[in-house]
Amino acid sequence: MALRVLLPYNLRYLQNACQTASDPKVVASVRYSVQSKIMELLSESPDIQQLLLDPIASLNTADDFREYLSSAEMHLAEFPQLTEKQIRKLFPKNKKLALPDLSVDYRFVTYLGWVDISSTKLFIVYPLDGQVVGIEGKYTPTHKKSVCFLCNRHSETALFTAVSKARPAHASPDYYKAVGNYMCLDSRECNKHITNVDALEKFIRSVIGT
């Protein structure tokens, strides 16, 4: 998961340095930083680590980066490909669940998100701690641009609010807690720009109560 998210991001960072920095020392520093991150992410897979590390030393042009990423795709951990039946099981109380478009390139999916316009609900599916989980909540468009808490872009957002299953000790029977945040209207674009899953995982844990 982390490599699939972070490798393209770091490559864009290095490519930008190669194209805009006039000082070779700056490019060398960025290149070293990218290589170090890959070494850290693949510390338990030395064979793949070497395959991905070696070519980075010679990446310079846009074609170089495009070809590298294309060849590296086979090593990017994919989002689990789910069936409609598996997704329905994640939301057993929702008998009229609107299903997402499953014809996506899972290599570049960090989370699966979709909106049911009829119920103004947003659904998110994500592999957390080795298990695929699903959360749902109210989806309220803001009709303005704001910063998405997942990808940190300034974009058209909606307020996503979900009821938390976490209950403090000795809570009253009518205890209720909602958690919410602003996120992109377009989940596909959001996926393209996510560079860190910490905020996503923290939000999901706050909803499911782990």
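Because the structure is a prediction, the values reported are computed rather than measured.
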[X]: side chain to side chain donor-acceptor pair (under 3.5 Å) partners, not counting sequence neighbours:
| X | value |
| --- | --- |
| Thr140 | none |
| Thr142 | Thr157 |
| Gln86 | Thr83 |
| Asn196 | none |

Ignoring hydrogens, what is the shortest heavy-atom contact between [X] and [Y]? Give both atom names and the distance.
| X | Y | value |
| --- | --- | --- |
| Ser58 | Asp64 | O-OD2, 3.7 Å |
| Pro92 | Lys89 | CD-O, 3.4 Å |
| Lys96 | Asp116 | O-OD2, 4.4 Å |
| Ala199 | Leu150 | C-CD2, 4.4 Å |
| Val109 | Phe79 | O-CB, 3.5 Å |
| Val132 | Pro80 | CG2-CG, 3.7 Å |

Exercise. Taking only residues at least two apart or on different chains, which pairs with a member in residues 136-153 satisfy salt bridge (charged side-chain N to carboxylate O under 4.0 Å, His left out)?
Worked result: Lys121-Glu136
Side-chain heavy atoms of [X] within contact of [Y], under 4.5 Å:
| X | Y | answer |
| --- | --- | --- |
| Ile38 | Asn10 | no |
| Ile124 | Val207 | no |
| Ile56 | Leu52 | no |
| Val104 | Asn191 | no |
| Cys190 | Ile194 | yes |
| Leu128 | Tyr111 | no |
| Leu11 | Leu59 | yes |

Exercise. Is the side chain of Ser36 donor-acceptor paired with the backbone N or O of Tyr32 at a distance under 3.5 Å, no angle test?
Worked result: yes
For this session: Ignoring hydrogens and angles, tell me if any N or O in the side chain of Thr120 forms a donor-acceptor pair with the backbone of Ile117 under 3.5 Å.
Result: no
Rounded to the nearest 0.5 Å, how far does [atom2] of [Y] lie from [atom1] of [X]?
| X | Y | atom1 | atom2 | answer |
| --- | --- | --- | --- | --- |
| Cys148 | Glu156 | SG | CD | 12.5 Å |
| Asn60 | Arg31 | CG | CZ | 5.0 Å |
| Leu99 | Ile87 | CG | CD1 | 6.0 Å |

Can you list the residues that meet the salt bridge (Lys or Arg N to Asp or Glu O under 4.0 Å) rule with [X], with sequence neighbours excluded?
| X | value |
| --- | --- |
| Arg188 | Asp101 |
| Asp54 | none |
| Glu67 | none |
| Asp129 | Arg205 |

Is [Y] reachable from [X] through a run of hydrophobic residues whose side-chain heavy atoms are each under 4.5 Å from the next?
| X | Y | value |
| --- | --- | --- |
| Met39 | Leu7 | yes |
| Tyr68 | Val27 | no |
| Leu200 | Tyr182 | no |
| Val125 | Leu102 | yes |
| Val115 | Leu159 | no |

For this session: Mind checking ring pair (Phe, Tyr, Trp, His ring centres under 6.0 Å) for Phe123 and listing every partner two or more places apart, or none if nothing turns up?
Result: Phe91, Trp114
For this session: Please name all residues satisfying ring pair (Phe, Tyr, Trp, His ring centres under 6.0 Å) with Phe203, sequence neighbours left out, ordered by chain then number.
Result: Phe149, Phe160
Counting only pairs under 3.5 Å, give me each side-chain donor-acceptor contact of residues 14-25, with atom names and distances, residues two or more places apart or in other chains.
unit_1: Thr20; atom_1: OG1; unit_2: Asn16; atom_2: O; d: 2.6
unit_1: Asp23; atom_1: OD1; unit_2: Lys25; atom_2: N; d: 2.9

